[in-house]
Amino acid sequence: MVVKKTQSRILAIQNLVIQFTLRGQILTAIRGISLDLYQGESLAIVGESGSGKSVLMKSIMGLLDKNGTIEQGQILYNNMDLAQFTTEQQWLNIRGREIAIVTQDPMTSLNPLKTIGKQIEECVVLHQGLKGITAYHETLKLLTDVGIDNVKKRYKQYPHEFSGGMRQRIVIAIALACKPKILICDEPTTALDVTIQAQILQLLKTLQQKYGLTTVYITHDLGVVAKVADRVAVMYAGDIIEVGGTHEIFFNGKHPYTWALLSSLPQLGTKGEQLYAIKGTPPNLFKEIKGDAFAPRNPFALKIDYELRPPFFQVSETHYARTWLLDPSAPKVEPPAALQAFFEEGRLYANER
């Protein structure tokens, strides 16, 4: 599914700026981000560690650390501006009930002293208002929905009696027990082996359709993105630098940082040679960033990249990229040769379909 502008927008982030105070210094973690989320889509947010993916998503659930503040912008959801929330009571009406999260480490997310059935049932009681035998049967149903068998026995067991993949299923069940509209999956397969990763991703896709969820995946794993996402937002240094349909990003990416991420895919490597790695390091977010944050690491950088932050240039109805290379007066620059072949392969595949 490629999201069209005619689809219903469920959440809108507008010109969001988030800062943290650390040892008397100000770190700007999110730098003027705007992003729309549409009803029923799967959006993947990708980028290197430290690019601001998790901070962005925590901000829409009121889970920022105490030293983090929203300095500017809006988070519009259901006729409310979540950026203006100041009390825990306000967030309790949103967190879980409207927007839920599946974290990347299920072992630390579960209480080792409570049975998994009771942990799920707590959410059923709190967010669905069910009690007694009705809440119990709803819990068993959720366990069945996430692919756990022998649910009456499993209900009474503790987290340590489950494998990593099974614990992740339980965490997903807890999130679903809240009956959310939006489900955020923060690196949901990081701690799992490849076989189990595929099972969890397929489970999430199935549950999205069954429960009518809008899903956001936070990941640095492009393999996960290719399997689950309808649309992709690429983040770098606290900013979104490209957004578009998954096929558009993978096979017609326009920002040099997107090219660099794709070049890091193992399948694009050459046998006997080292895998591609992006040179340099991300910028220091304690300092003001001038121009394009990726410019110092960008072999295609123009002089203007060091002076002015590029606007979003439209590539298609659903595809935008923040790079001066798309300016009509910019010199023509082609992606790396390995990527050109990869892009061409993707375009041929799309035409065949």
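If you're wondering where the values come from, they're calculated on a predicted model, not measured in any experiment.
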Check: [Y] main-chain N/O paired with [X] side-chain donor or acceptor under 3.5 Å:
{"X": "Tyr306", "Y": "Ala295", "value": "yes"}
{"X": "Thr214", "Y": "Gly40", "value": "yes"}
{"X": "Gln168", "Y": "Ile200", "value": "no"}
{"X": "Thr206", "Y": "Gln202", "value": "yes"}
{"X": "Asn78", "Y": "Met80", "value": "no"}
{"X": "Ser34", "Y": "Asn15", "value": "yes"}
{"X": "Glu161", "Y": "Tyr158", "value": "yes"}
{"X": "Trp259", "Y": "Gly253", "value": "yes"}
{"X": "His255", "Y": "Arg322", "value": "yes"}
{"X": "Arg31", "Y": "Asp239", "value": "no"}

Distance-minimising heavy-atom pair for [X] and [Y]:
{"X": "Tyr236", "Y": "Thr281", "value": "OH-O, 4.2 Å"}
{"X": "Gly96", "Y": "Pro180", "value": "O-CB, 3.5 Å"}
{"X": "Ala330", "Y": "Leu325", "value": "CB-O, 3.7 Å"}
{"X": "Lys53", "Y": "Ile45", "value": "CD-O, 3.4 Å"}
{"X": "Ala260", "Y": "Phe294", "value": "CB-CZ, 4.3 Å"}
{"X": "Arg169", "Y": "Gly147", "value": "NH1-CA, 3.7 Å"}

Does a side-chain heavy-atom distance below 4.5 Å link [X] with [Y]?
{"X": "Thr246", "Y": "Val232", "answer": "yes"}
{"X": "Gln74", "Y": "Ile13", "answer": "no"}
{"X": "Leu11", "Y": "Leu76", "answer": "no"}
{"X": "Leu64", "Y": "Ile18", "answer": "yes"}
{"X": "Ile99", "Y": "Leu82", "answer": "yes"}
{"X": "Val225", "Y": "Phe250", "answer": "yes"}
{"X": "Ile75", "Y": "Ser59", "answer": "yes"}
{"X": "Glu187", "Y": "His220", "answer": "yes"}

Kindly determine whether Arg95 and Glu88 satisfy salt bridge (charged side-chain N to carboxylate O under 4.0 Å, His left out), including the steps that lead there.
CA-CA 10 Å; Arg95 193 184 301 140; Glu88 189 66 13; 2.6 Å; yes
Would you say [X] and [Y] are hydrophobically clustered, going by side-chain heavy atoms of ILVMFWY under 4.5 Å?
{"X": "Ile94", "Y": "Leu126", "answer": "no"}
{"X": "Phe286", "Y": "Ile26", "answer": "no"}
{"X": "Trp324", "Y": "Leu326", "answer": "yes"}
{"X": "Tyr136", "Y": "Ile170", "answer": "yes"}
{"X": "Val125", "Y": "Ile120", "answer": "no"}

Are [X] and [Y] linked by a side-chain donor-acceptor pair shorter than 3.5 Å?
{"X": "Lys254", "Y": "Asn252", "value": "yes"}
{"X": "Thr219", "Y": "Asp221", "value": "no"}
{"X": "Gln90", "Y": "Thr87", "value": "yes"}
{"X": "Gln19", "Y": "Thr28", "value": "yes"}
{"X": "Glu242", "Y": "Thr258", "value": "yes"}

Tell me whether the count of non-hydrogen atoms from other residues, nucleotides or ligands lying under 6.0 Å of NZ in Lys290 goes above 12.
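For Lys290, atom NZ is not crowded (no more than 12 foreign heavy atoms under 6.0 Å).
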How long is the gap from [atom1] on [X] to [atom2] on [Y], to the nearest 0.5 Å?
{"X": "Tyr257", "Y": "Phe300", "atom1": "OH", "atom2": "CZ", "value": "15.5 Å"}
{"X": "Leu143", "Y": "Leu140", "atom1": "CG", "atom2": "CG", "value": "6.5 Å"}
{"X": "Thr115", "Y": "Leu110", "atom1": "OG1", "atom2": "CG", "value": "11.0 Å"}
{"X": "Ile184", "Y": "Thr215", "atom1": "CD1", "atom2": "OG1", "value": "10.0 Å"}
{"X": "Leu56", "Y": "Ile240", "atom1": "CG", "atom2": "CD1", "value": "6.0 Å"}
{"X": "Glu121", "Y": "Thr134", "atom1": "CD", "atom2": "OG1", "value": "10.0 Å"}

Verdict with supporting geometry, Leu204 and Tyr217, side chain to side chain contact (heavy atoms under 4.5 Å, CB included)
CA-CA 10 Å; Leu204 287 168; Tyr217 292 89; 3.4 Å; yes
Electrostatic pair [X]-[Y], nearest N-O below 4.0 angstrom:
{"X": "Glu248", "Y": "Arg231", "answer": "no"}
{"X": "Asp145", "Y": "Lys210", "answer": "yes"}
{"X": "Lys58", "Y": "Asp65", "answer": "no"}

Using side chain to side chain donor-acceptor pair (under 3.5 Å) as the criterion, point out the one residue from Lys205, Lys227, Gln208 that pairs with Ser42.
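Among Lys205, Lys227, Gln208, the one meeting side chain to side chain donor-acceptor pair (under 3.5 Å) with Ser42 is Gln208.
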If you apply the rule side chain to side chain contact (heavy atoms under 4.5 Å, CB included), what do you find for Met235 with Glu48, and how did you get there?
CA-CA 8 Å; Met235 283 192 70; Glu48 293 172 280; over 6 Å; no
Partner of Val124 under side chain to side chain contact (heavy atoms under 4.5 Å, CB included), chosen from Glu138, His137, Lys131
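Looking at Glu138, His137, Lys131, the match for Val124 under the side chain to side chain contact (heavy atoms under 4.5 Å, CB included) is Glu138.
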For side chain to side chain contact (heavy atoms under 4.5 Å, CB included), just list the numbers for Met166 and Ile148, CA-CA rounded to whole Å, side-chain angles, deciding distance to a tenth of an Å, and then say yes or no.
CA-CA 7 Å; Met166 296 292 274; Ile148 293 178; 3.9 Å; yes
Before you tell me yes or no, could you show the steps for Leu183 and Ile101 under side chain to side chain contact (heavy atoms under 4.5 Å, CB included), namely the whole-Å CA-CA distance, both residues' side-chain angles and the distance that decides it to 0.1 Å?
CA-CA 6 Å; Leu183 182 65; Ile101 189 166; over 6 Å; no
